[in-house]
Structures are given as C-alpha cells and as structure tokens.
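Heads up: the structure comes next, in structure tokens.
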Amino acid sequence: MFRIRSKVKYKKTNKRRDSPPSAEIEMDSDEDVSTVLPLSQRPEWSDITPVPQNDGPNPVVPIAYSEQFAETMSYFRAVYLADERSVRTLLLTAEAIHLNAGNYTVWQFRRVIIEALNADLHDEFDLVEQLASKNSKNYQLWHHRRWVAEKLGTEAVSRELEFTKKIFLNDAKHYHAWSHRQWVLLNLGGWEDELAYCNELLEVDIFNNSAWNQRYFVITRHPKLGGIEATLDSEVDYTIKAILTKPENESSWRYLRGLYKNNMQSFVTNPKIPTLCLDVLTSKVYPVFALSLLLDLISNGFEPNQDLKNAVEAVVPESNSQGLDIAATICTVLEIIDRMRVNYWGWRKNNLRSQVAEGVANLSIH
Amino acid sequence: MEHLRINGAYWGLTTLDILDKLAAAVDQETIISWVMSCQHESGGFGGNEGHDPHLLYTLSAIQILALFNKIDTLDIEKVTSYITALQNEDGSFSGDKWGEIDTRFSYVAICSLALLKQLDKINVGKAVSYIISCKNLDGGFGCTPGAESHAGQIFCCVGALAITGSLHYVDKDLLGWWLCERQVKSGGLNGRPEKLPDVCYSWWVLSSLIMIDRVHWIDKEKLVKFILDCQDKENGGISDRPDDAVDVFHTYFGVAGLSLLEYPGLKAIDPAYALPVDVISRILLH
C-alpha cells in the first residue's frame, strides 16, 4: 500500500561459487604485493630460518593459503618468536598486514616494534589509509589508528576528522569510522563544525541513521552548545522539516521522540507535534510513523481534536466501525497497514489503559 | 582468516551440535588439544596457535570446551585472572592489553566468567552501569556511550544484562519496538534503520527479542523463509542474503536463528550464551 523507497543501493557481494565451500575459508590475497621478490631470495633475510605454521595432520577448519602469504607468515613467525624489533621486522609487519589486515598479532607486534624503535608515527597514517582504501571494515586497522592518534594527541585532530570524512564519502554509515570520530571528538576535541557536518550529511541522505545519531551526540556532548535544553527548539524545528520531506524516514521520527525523552510535559504540550501528525496524515503519504507518534502523545495524556480524529479514520475508511476511542482506532489501523508488526500493535491496543494511566501519572509528577 | 580460526571452530562446531551431528562429525580430542595450544601464558587464548591472547578468542575457547563438557580441562583460576585484569575503572572491558574498549568485550567477559562460574570475580555492578551508559534514546545500545544503536552491540549488551540478572534496566517495550522495526519487506532483518537485511541479524535481533520476551512482535514465518532462501541448496551452507557466497559465520547464525524460531529438527539454543540449551543446563545446574 505504501512504498518505502530505500536510499541504499544493493551492494554486490561475493556471488556463489561452483565448488563446495565445506569448512574452508579462502584467503584474500593482495595483487600489489605479488610482484615483490620472495623473502627467501632477499639477501637481507638470508640469516633467518622461516617457521612454517604447524597445523598438525588433521587441521580443524583448514584454510587454503597462497604461497606468498605462507612464506611471509613463516618469516614473521620466526622474528616474532625471536622478538626481533628492528627496521626490517617493521617493514615485514607491513607486508604481512597488506596480505592479511585482520591478523591482530602482526599489528600488535608492529606496535611493539614502533615503540622499541621510537619510529615515526606519521607513517602509520599512510599505512592505514592504504589499507582502508581496500577494506575499511577491519577492527585492527581502526584500533591501530586510534593508538597512533592517542600518542600524537591534539595535533592529530584535523587529520582524523578528515580521514573519517573520506570514509563517509564511500559509506556514510561506516560503524568503525563513526566510533573513531566520536572518540576523537571526546578525547582530542574538534567540535566546532560537527553539527554543520551532520547537516551536510543529512542533506545528502536524510535517511542516514548514523548522522541522526551523531546529531544527538553533538547536542548532548558539545562543550559549548548548552545541551538539549538550549537546543531543543531549533532541533525540533529542524526535525519537523526533515520529517515533512520524507515521512517514511524512521530515523527522523525517532530523533524527534528522543529529544523529549526526559521531558514528557513539553512533548505533550508542544502544539507543533500534533500539527505535524495532522499534516502527514492529511497529505496521504506514509502514515505509520505519524500514527505511532500520535499514539505516543495520547498515551501521555494528549487529547486530539476532531480534525486529528477524522484524519486517523480516513487512513483506513471503516476502521472505526466499532466506535472505539481514538487510541484504539489508531492501533487497529496500524494492525492493518503495518501487517508485519501486527502483534506489536495488538499489544499496544491491549495495554492502552495502563499506558495512558502511566503517562498521565508521569505528567502530574512534573 | 587463520588468526580467527578459533572463532570459526566455535561457529562450525556449535552449528553441528544444533544439528545434533557433533559427536559423529569430529574428533573431540584433536580439537581440544588444538584449542589448548591456543592458550597463552597469561591465561587468555589467541585466535590460533602462536597468536596473542584476546577476550574474543578466550570466549570461543571456553564455548568449544563447553560443547564437549570439558571446561574442567582448564586452569579456571588462570583464565579468570586473565579476564578480570581487563576490567577498567569505569566498569568497561578492554579486549586485550592494548586497551580497545567496546561493549562486545563486556559481553565476552561476562559470558566467559559465567560459564566458568567466576562472575563474582569482577565488579558486576560497575560492569552493568557501564553497559547502561551505552543505552541510547531509541532504547538500543552502541559500542561505547553515544555510539549508534546496532543490533550486534544490542545483543552483547542485552546478553550481558541477562546473564547478570539486570534486564530490568532495559526499556523492553521501546527496545522491542526498535528491534521489530528491523524486519523489512523480504522478511529478513537488518541491523540498523535503512540498512540491508543480513542473515546474521537473524541471530542478534532475534536473541535480543527473546531475552526481553518480545519475539512475537516480528513475523516469524517470513523470517524463516528469508533464512531458508539464503541457503546454497546444491553445496550446503548459508550466506548473508539470497544468492551470495556462503561462509561458516552466516551458516552458524542462520541455523542458530532457525533454532530460536523453533524450526523442526534443531536442538534448542540459549539466546544469552549462544550455546545449546542442554550444554548450558549441564554447566549451570551442576
């Protein structure tokens, strides 16, 4: 009945192969490094005896490796066991990381070497950026970046904010990058343009739940904005505008509701909110979230006028043939138009009396 | 992937147990001796032999031993001391000595210690209050305070709260609604608003809903159909979404999800411990 147009493109992931996968997991290999001379042929490594992986006769979950990978890891194992912290082992860890950026032991040993040599931390940014351009969904890479940034302190702020922005150009909901960005802001600063950046992202994609979350993060934690109390009115206006452009946007409705989390009194008495619901319902666009918010209002003591009641009943004509009160009618309508969640709306309907009583009680406490 | 082989082993072995094929399919002794070879002198386990220890792999090791009823193979005190040393002042947990903090690690530490029956060795109150500090206005949880709600993190937080008897801190109705909104038209579940469905969320969203008694708020039949459509019917295994390549990770989460949905022929799985119910009963009731 109501089409929700998703803003997300269908990503092409690995399509099915012909051979049975069983419990084998194939290694990613890195094309760029394959033109490098094998370690066994490099004179600077001639003193090292590589240590091959000991899988035993019947390995659990066997893995198919490339020759280059197997050799690099054998040399890594040798120097790791010998605890050699030198320029050549630092370079070797980079090669190993390029072949498998998920190997946390290699990353950790790299950090040990960096500290021992007091190596230039700025090189680490380049390493991480190279890897991120191939696969940025890797915990080790982000952890390493954070470790470096922490050591460099506030001088790293603008570079880290720029780096995460670059990631967001390709994937604006990148969870690791958002986590990193929040860490940078909280620990190193750089808040000045953050709310403006959220605006930018939402202009590109109003459905970006990460950007809405960051919005809340900024208004509650920015040292100079004054918290929710100071920003509530402007945030409500911003969100209402956003909702009206895309009423099927779950994130904006949730954000609006969240602004009033500890402030039921204001929620129930701000006339802009029922007006918003009425506008959405009468314009015949996706009504589910408007109905849901209206239900929340009523559950907290709000009394809708006749226009609102008419608008609700118009969503599914004949929905109030039983002469139910408006809250129960809303639930009935939602049971019909949001069929997937019919049990949730049914539960709301059955619990209306206690919800309203609780809501009104909450109001009087204020 | 050799660095996370022990995770892979946990996914594969638990799937086999849910299918009631564990004893028949594997050589228990070989596996256990390999698992023990992953233990570091600190007491923690690495992802494979010769790897540094980390909480993530320590939990998998304990879970694998639990499947075989061999937790007593461990020097319990040693593993416990590795885990407890990773709790920070604010109650959070670091993944290892390098200090990364994430509510995933809170879950892993709490689940591990509960299986070892050593939960009293950490500051549970502080651990719980750290997790609560990661609760967002939508009722969900993120990896750190203020981070976006994400189904995977929600599973970790709700699981940790369930194990420590602290579910009363969850806004069950609000979170339940957020979780049931993860179900999209195809019947699959996504992990955040406006993202694509993925079979692994069949576990994380579903187990969370079960722990807070709200699983009837999703359309179970449609979800079952989605998971079954993600199978590779010629070669076996389950992928993240229909027609993609399979892997052991998604196979485990798909089968575990079907078990939670009471699909016939599967053993029941505990939503908090992510191990078969008979395994948990055996451990906790002794």
Side-chain angles (χ1 to χ4, degrees), chain A residues 6-8 10-11 13-17 19-23 25 27 53-54 56 58-61 63 65 73 77 80-81 100 102-105 108 111 139 143 146-147 173 175 178-179 182-183 186 207-210 213-214 216-217 220-221 250-251 254 257-258 261 339-341 343-344 347, chain B residues 1-5 8-9 12 26-27 30-31 34 46-47 49-52 54 95-96 98-100 102 136-138 142-144 146-150 176-178 180-181 183 185 187 192-196 214 216-219 222 232 234-237 239-241 243-248:
Chain A
S6 174
K7 292 294 251 176
V8 181
Y10 196 98
K11 270 191 307 223
T13 52
N14 294 325
K15 286 301 170 185
R16 199 150 279 170
R17 294 179 298 250
S19 52
S22 66
I25 305 166
M27 283 308 313
Q53 181 156 324
N54 176 21
N58 290 307
V60 180
V61 193
I63 295 168
Y65 300 116
M73 289 313 298
R77 230 166 266 119
Y80 172 74
L81 290 167
N100 178 15
N103 192 323
Y104 67 101
T105 300
Q108 292 181 175
R111 287 191 280 274
Y139 284 104
H143 178 46
R146 183 175 307 193
W147 179 80
K173 304 177 188 182
Y175 201 77
W178 278 113
S179 174
Q182 288 192 343
W183 177 87
L186 283 172
F207 293 87
N208 185 341
N209 194 63
S210 307
N213 183 75
Q214 189 71 350
Y216 193 78
F217 184 79
T220 49
R221 292 166 198 262
E250 184 185 345
S251 302
R254 276 189 197 279
R257 184 69 184 83
K261 191 161 171 66
R339 276 229 70 77
M340 200 158 266
R341 280 160 278 277
N343 291 338
Y344 172 70
W347 173 83
Chain B
M1 297 301 129
E2 62 114 6
H3 59 282
L4 53 73
R5 180 181 278 177
V26 302
D27 176 355
T30 310
I31 294 177
W34 166 71
E49 203 185 326
H51 277 268
D52 290 349
H54 193 287
D96 61 15
W98 294 94
E100 186 192 357
D102 188 320
N136 294 317
L137 46 84
D138 49 23
C143 59
T144 43
E148 189 185 1
S149 296
H150 181 290
W177 180 44
W178 188 92
C180 78
E181 285 283 346
Q183 191 163 31
K185 259 177 90 173
R192 293 180 273 171
E194 293 295 321
K195 297 279 281 177
L196 292 175
R214 303 284 188 269
H216 48 291
W217 286 356
I218 57 155
D219 185 327
K222 280 195 121 181
D232 178 346
E234 281 165 29
N235 301 309
S239 58
D240 59 352
R241 51 189 79 92
D243 299 323
D244 278 355
V246 304
D247 59 54
V248 70

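Heavy atoms only: backbone and side chains are in, while hydrogens, waters and symmetry mates are out.
Contacts with chain B were tallied for A/Arg341, A/Arg221, A/Glu250; A/Arg341 has the most, counting heavy-atom pairs under 4.5 Å. Options A/Gln108, A/Arg339, A/Gln182, A/Arg257 differ in how many heavy-atom pairs under 4.5 Å they form with chain B, and the most are formed by A/Gln108. Interface check for chain B: of the options A/Tyr216, A/Phe217, A/Trp147, the most heavy-atom pairs under 4.5 Å are formed by A/Tyr216. Of the residues considered (B/Cys180, B/Gly12, B/Ser149), B/Cys180 shows the highest number of contacts with chain A, using heavy-atom pairs under 4.5 Å.
A donor-acceptor distance shorter than 3.5 angstrom exists from the side chain of B/His3 to the backbone of A/Gly102, with no hydrogens or angles considered. The backbone N or O of B/Lys195 lies less than 3.5 Å from no partner atom in the side chain of A/Lys173, so there is not a single donor-acceptor pair. Side-chain atoms of B/Asp96 come within 3.5 Å of backbone N or O of B/Trp98 as a donor-acceptor pair. In this structure, A/Tyr104 contributes its side chain and B/Asp52 its backbone to a donor-acceptor pair below 3.5 Å.
Only the side chain of A/Arg77 comes within less than 4.5 Å of a heavy atom in chain B; its backbone stays farther off. Using a 4.5 Å cut-off between heavy atoms, A/Trp183 does not touch chain B at all. Contacts between B/Glu181 and chain A at a heavy-atom distance below 4.5 Å involve backbone atoms as well as side-chain atoms. No part of B/Asp27 comes within reach of chain A, as not one of its non-hydrogen atoms sits under 4.5 angstrom from that chain.
The ring-ring contact (aromatic ring centres under 6.0 Å, His included) check on A/Tyr80 picks up A/Phe76, A/Phe109, with sequence neighbours excluded. Applying the side-chain hydrogen bond (donor to acceptor under 3.5 Å, both in side chains) rule to A/Ser251 yields the partners A/Asn209; only residues at least two apart in sequence or on another chain are considered.
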